[in-house]
Amino acid sequence: MRTQVGIIGGGPAGLLLSRLLALQGVDSVVLENRSREYVEGRIRAGILEQHSVDTLVAAGVGDRLRREGLEHSGIHLQWPGTRATLDFPALCGRTVWVYGQTEVVKDLVAAQLAGGPPLLFGVSDVVPEDVDTDSPRIRFTDADGAPQVLGCDVVAGTDGFHGVSRGLVAGGGGQQVFERTYPYAWLGILADAAPSTDELIYAWHPDGFALYSMRSPTVSRLYVQVDPAERIEDWSDERIWDALDTRLALEGWSVNRGPVLEKSILPMRSFVSTPMRRGRLFLAGDAAHIVPPTGAKGLNLAIADVTRLATALVRLLQDKQTDLADAYSDAALARVWRCTHFSWWMTSMLHRSGDEFDARLQLAQLERVCSSEPAARELAENYTGLPVEA
Ligand code: FAD
Ligand code: DHB
């Protein structure tokens, strides 16, 4: 087997990269170690920045997003007794869209299987080789158990946080890892309940942070801050709804309850591995960096990485120019650090540490964001997504 770009990982980053390359006439093969059902069912992010929406629409996978996605023009920030609203178009001229990562992935898989580049599910033992040469290879075992070798010009490591690619980049020397583990986790539920809010609510509360989000006019997605040591078995649906009622409480308003479709606990960390390239192996998305979910940045950052990488690879493989490929890691990392800072800042402002001094600082910061236009604009610009060139 031979292709121009061998893509390891069929998450949003790998699938979108393959699509963007195909639109520019560059061949690729996507190798995914899980099944289609698993990849399409994995519940994760829910908010798309303006540039992510623009990229998906331009890539021809935005029809359902435009039909079924919910355009949101702001968020509510809350603390006991107060619910303030930030108006994004007024503050920065942009909006965001509620459209689940599951739906983004389904749209990308459907486009790929309808005449797009090969997408192989259920592969195993994926090993990139010779990435320091101009003709790297990927060894793997296909879904039928047969050993295969995929020869390529470039390997893209879009295999997420637990993939094989980052370790190989580290083996090239000069790797640096920057990491912060937070003493918080999110317990998230997906519920068959119409959201009782127009915009998402990010709530500070003495008991801990809560977030009211949604997936559609009939499905809510809600989160509460818990200790990372908590076990999901100890959180009955009733206990979760009660915690949400307490933390999101506002006079004359209530959370709509309904059957809980899914619940899980996710840890929170910041992680950046540099550089994002070794020879002909390029990293993008969670393979290179993780942010805590509070700023809704993880999926958007993966989309920004591959948008930049696709342009660089087209230039490398079609025009034989190395400038954009050489600039890729530093340019991508500039955005990664901006988003890492924003996600850390949102996380720090909204989660209870148990310390009363911290609490007063957080409330002072929230008051400032909701009363000062420049402070609100700073949040709005970051939340809705800075331009990809940034
Ligand atoms: P992934 O989506 O992880 O895709 C990587 C793919 O590579 C996977 O399909 C994996 O199966 C495959 N793979 C791994 N190893 C191999 C291998 N060796 N060979 C072949 N294939 C391999 N972000 C937000 O903005 N908001 C949220 O609410 C949010 N919630 C999240 C909840 C959870 C539980 C997690 C884990 C992440 C969440 N994120 C959230 C982050 C967001 O989902 C990720 O940033 C996004 O999925 C990154 O896309 P990706 O394609 O880089 O990586
Ligand atoms: C969702 C997740 C986030 O991390 C966030 O900041 C907003 C929304 C969500 O899953 O809907």
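Just so you know, ligand 1 is whichever comes first in the structure, and atom 1 is the first atom listed for that ligand.
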Does a side-chain N-to-carboxylate-O contact under 4.0 Å join Lys297 and Glu49?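 Judged by the 4.0 Å cut-off on N to carboxylate O distance, Lys297 and Glu49 do form a salt bridge.
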Counting only heavy atoms, tell me which of Tyr202, Trp186, Tyr223, Tyr99 gets closest to atom 5 (C) of ligand 2.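 Nearest option to atom 5 (C) of ligand 2, by heavy atoms: Tyr202.
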Check whether any heavy atom of Val98 sits under 4.0 Å from an atom of ligand 2.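 Contact absent.
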Is the shortest distance from a heavy atom of Arg215 to ligand 2 less than 4.0 Å?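 Checking ligand 2 against Arg215, which is what was asked, there is a heavy-atom contact under 4.0 Å.
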Between Val291 and Trp345, is there a shared hydrophobic cluster once you connect ILVMFWY residues whose side-chain heavy atoms come closer than 4.5 Å?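 No, no single cluster joins them.
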Assigning hydrophobic clusters by single linkage (Ile, Leu, Val, Met, Phe, Trp, Tyr; side-chain heavy-atom cutoff under 4.5 Å), is Val272 placed with Phe342?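 Unlinked, Val272 and Phe342 end up in two clusters.
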Under 6.0 Å from the [atom1] atom of [X], do we count more than 12 heavy atoms belonging to anything else shown?
| X | atom1 | value |
| --- | --- | --- |
| Arg2 | CZ | yes |
| Arg42 | CZ | yes |
| Arg66 | CZ | no |
| Glu179 | CD | yes |
| Glu251 | CD | no |

Contact residues of ligand 1, where a non-hydrogen atom lies under 4.0 Å away: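 Within 4.0 Å of ligand 1, protein side: Ile8, Gly9, Gly10, Gly11, Pro12, Ala13, Leu31, Glu32, Asn33, Arg34, Arg42, Arg44, Ala45, Gln101, Val126, Thr158, Asp159, Gly160, Gly163, Val164, Tyr223, Leu266, Gly285, Asp286, Ala296, Lys297, Gly298, Leu299, Ala302.
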Can you tell me which residue and heavy atom of the protein come closest to atom 4 (O) of ligand 2, and the distance to 0.1 Å?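 Sorting protein heavy atoms by distance from atom 4 (O) of ligand 2 puts Pro293 O, 2.4 Å first.
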Hey, does the side chain of Gln4 reach the backbone of Val154 with a donor-acceptor pair shorter than 3.5 angstrom?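 Side chain of Gln4 to backbone of Val154: no pair is present.
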Is it the side chain, the backbone, both or neither of Ala296 that has a heavy atom closer than 4.0 Å to ligand 2?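 For Ala296, backbone and side-chain atoms both sit under 4.0 Å from ligand 2.
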For [X], the ligand 2 atoms whose distance to one of its heavy atoms is below 4.0 Å:
| X | result |
| --- | --- |
| Leu200 | 7 (C), 8 (C) |
| Thr294 | 6 (O) |
| Ile47 | 7 (C), 8 (C) |

Report the residue from Trp79, Tyr184, Trp186 that forms a ring pair (Phe, Tyr, Trp, His ring centres under 6.0 Å) with Phe209.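 That would be Trp186.
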